[in-house]
Structure formats: C-alpha cells, structure tokens
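See below for the structure under consideration.
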Amino acid sequence: MPQTDSSSKVGYLSSIQVFRDLTPDELAMMDRQTTMSTCQAGKIFYMPEDSGEVLFLLKQGRVQLYRIAPNGKKLVVATLGPGAIFGEMSLVGQGMHNTFAESVDECLLCVMSRSDVERLVHEKPEVAFRFVEAMGNRLTQLEARLEDIAFKSIPARLANLLLDLDKEQGNKDIVKGFTHQDLSEMLGTYRETVTQTLNDFKADGLVDIGRKRVFLVDRSALQEMAEL
C-alpha cells in the first residue's frame, strides 16, 4: 500500500463534492476515520443485494458500475474516475446495492465505515444534502443512458460515447484503453455490432482504429452523427 501523508489525504477529501461544506477540522477528523487501500483491476467491491457497509472514495483509477441482464448481457451504468464516490446509494438510500462495482484499473481508495457515514450525515445536514445531490446526478445520468438506448441508433450512440470518452481523456482526439467488448457493454449492445459500426466509421473517414485505440479523425462529423 502506498504511503499517503495526512495533509495530502485531507486535501483529497476536501476535493470531493459531498464533503465541500466541511471545515478543515472536520476534514482532519474524517482523515482519522478513513483508511486508504489499493486494489488490482477486476476487484468486485459489491454485487446487487449486498448490504452497504462502507462508502468508497476513489482517488486513483477507474471503477465501473454495471448490471447483468437475465440473458447474461452486461450493461455499464457508469464509469467513475478520481474524485468519485460509490456505495452511497445503499448507505443513505434503499439499504441495498442494485449494481455491481468493479475496478477497471489498479485503484487507490479511501474507505469510510457505515457508522462513520451515518454519524457524519446526522451531524452535518449539508453533507446529507450533498449525498442526495450525488444520487440525483447518478440517476439523471442513468436515465439519459436508458433514453439513448431506447431512442438513438447504434452509430449515434457510439459517436457520442467516443466523444465523451475523448473529453474525459483530455480532448486529444484519441480514445485509449477500451476494447470493442468494453464499448459494447457501455452501449448495451453486442461486440460484433460495435466492431461493424467502427469499421463503417473508418470507411467513412470518421475514425482510425488501433489496438485498444480509436483515433477521432473527423470530430465535427462524429458530433453530427451523435445528434441524429
């Protein structure tokens, strides 16, 4: 486990939106209540129907929240990056998880116990409001994803996904680190469909394709495609 000094950890906690109303002293107390841990890619943090016993604060790496359909198809609900929290739905919501949470990369996380979260929420109403806000944002993102699945074509959804991933990776016109299977799970479709659509994009001069890389050749055309 990497060594993290207290000031660095407090600074990290202050950057998380749900804790932005806490004073330096309160953040220092949180620092004493949280533990820092690392995990390898593929770690399952929780599954549907697990009770929520801890809150996860992601410092480094990526974590996917996803669901598995009865036919075995995987649908990625969200891919979280540094600064995100997860596990909050069960802690301050319905009491049970409704998704899988799995690390995509090696991750560095802070972990808070359920009792510490409950005490913080009771003592600081502002934090309770921020949790509700975070849950609302997560649900809004899920609704938008489901709306796209229901009403948009696969090419439009894939174009939009590539643009969003490029934005997350710094607007460098290259999407790195995702296989065709990864992209299909984020779109709720089949790998073969994504491969064929990417090949169509390449033939039309919109993208170029490498190993776990998609180069965005014509961003404006992709944006037009995403809006169809």
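Residue numbers run from 1 in the order of the sequence given.
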Handout entry: Single-linkage hydrophobic cluster I44~V76, side-chain heavy atoms < 4.5 angstrom
Key = yes
Handout entry: I16 reachable from M29 in the ILVMFWY side-chain graph, under 4.5 Å edges
Key = no
Exercise for the section: Can you see which heavy atom on L58 is nearest to which on L80, and at what distance? Expected result: CD2-O, 3.6 Å
Handout entry: Spacing of L183 atom CG and K212 atom NZ [to the nearest 0.5 Å]
Key = 11.0 Å
Problem - Y190 six-ring centre to K73 NZ/CZ under 6.0 Å and within 45° of normal - result: yes
Handout entry: Joint hydrophobic cluster, I209 plus L222, side-chain heavy atoms closer than 4.5 Å
Key = yes
Problem - Taking every non-hydrogen atom, the tightest pair across V18 and A134 - result: CG1-CB, 4.1 Å
Handout entry: Minimal non-hydrogen separation, G87 against L55, with atom names
Key = C-CD1, 4.2 Å
Exercise for the section: State, without any angle test, whether S103 and D105 hold a side-chain donor-acceptor pair at a distance under 3.5 Å. Expected result: no
Problem - Test: E118 and R114 ion pair at under 4.0 Å - result: yes
Exercise for the section: Supply the atom-to-atom distance L216 CG to Q223 CD, rounded to the nearest 0.5 angstrom. Expected result: 11.0 Å
Practice task
Take L165 and L161, measure what side chain to side chain contact (heavy atoms under 4.5 Å, CB included) needs, and give me the verdict at the end.
Solution key: CA-CA 6 Å; L165 292 175; L161 176 61; 3.9 Å; yes
Practice task
Inspect the contact between D116 and R119 and indicate whether a charged nitrogen and a carboxylate oxygen are less than 4.0 angstrom apart.
Solution key: yes
Problem - Residue pairs, two or more places apart or on separate chains, that pass ring pair (Phe, Tyr, Trp, His ring centres under 6.0 Å) and touch residues 15-51 - result: F45-F56, F45-F86, Y46-H97
Problem - Test item: side-chain donor near acceptor, E133 and N137, under 3.5 Å - result: no
Problem - Electrostatic pair K124:E26 at N-O distance under 4.0 angstrom - result: yes
Handout entry: Residues E102 and Y66: side-chain donor-acceptor under 3.5 angstrom
Key = yes
Practice task
Assess the side chains of E185 and Q181: does a donor N or O sit below 3.5 Å from an acceptor N or O?
Solution key: yes
Handout entry: pair V77-Q64: side-chain heavy atoms closer than 4.5 Å
Key = no
Handout entry: Nearest atoms (heavy-atom pairs only) where A41 meets V104
Key = CB-O, 3.3 Å
Practice task
Rounded to the nearest 0.5 Å, what's the gap from CG on D182 to CZ on R191? Could you check?
Solution key: 11.5 Å
Practice task
State, with a plain yes or no, whether a side-chain heavy atom of K59 is found less than 4.5 Å away from one of P82.
Solution key: no
Completion exercise
Closest non-hydrogen contact found for A156 with L228 is CB-O, 3.9 Å
Problem - Pairwise distance CG(L158) to CG(L162) - rounded to 0.5 angstrom - result: 4.5 Å
Practice task
Would you kindly confirm whether I154 and L206 end up in one hydrophobic cluster when ILVMFWY residues are joined by side chain heavy atoms under 4.5 Å apart?
Solution key: no
Problem - L57 CG to L108 CG distance, which is reported to the nearest 0.5 Å - result: 10.5 Å
Problem - Which atom of P155 lies closest to which atom of T197, heavy atoms considered - result: CA-CG2, 3.9 Å
Practice task
Taking the side chain as every heavy atom from C-beta outward, state whether V111 and T34 have any atom pair closer than 4.5 Å.
Solution key: no
Handout entry: L27 vs T23 side-chain heavy atoms within contact, under 4.5 Å
Key = no
Handout entry: Expected output: side-chain D204 to main-chain F201 donor-acceptor under 3.5 Å
Key = no
Handout entry: Same apolar cluster: L198 and L163, side chain cutoff 4.5 Å
Key = yes
Distance-only donor-acceptor pairs under 3.5 Å for side chains of residues 171-178, two or more places apart:
unit_1, atom_1, unit_2, atom_2, d
D173, OD1, R219, NE, 3.2
D173, OD1, R219, NH2, 2.7

Practice task
Quick one: pull up CG in L109 and CD in Q60 and give me the separation to the nearest 0.5 Å.
Solution key: 9.5 Å
Exercise for the section: Output, in order, the C-alpha distance, side-chain angles, deciding distance and verdict of side chain to side chain contact (heavy atoms under 4.5 Å, CB included) for M112 and V54. Expected result: CA-CA 5 Å; M112 285 185 71; V54 296; over 6 Å; no
Practice task
Walk me through it: do C107 and T38 pass the test side chain to side chain contact (heavy atoms under 4.5 Å, CB included)?
Solution key: CA-CA 6 Å; C107 291; T38 59; over 6 Å; no
Problem - Over 12 non-hydrogen atoms of neighbours within 6.0 angstrom of NZ in K43 - result: no
Practice task
Apply side chain to side chain contact (heavy atoms under 4.5 Å, CB included) to F131 and V121, showing your working.
Solution key: CA-CA 9 Å; F131 272 120; V121 166; 3.8 Å; yes
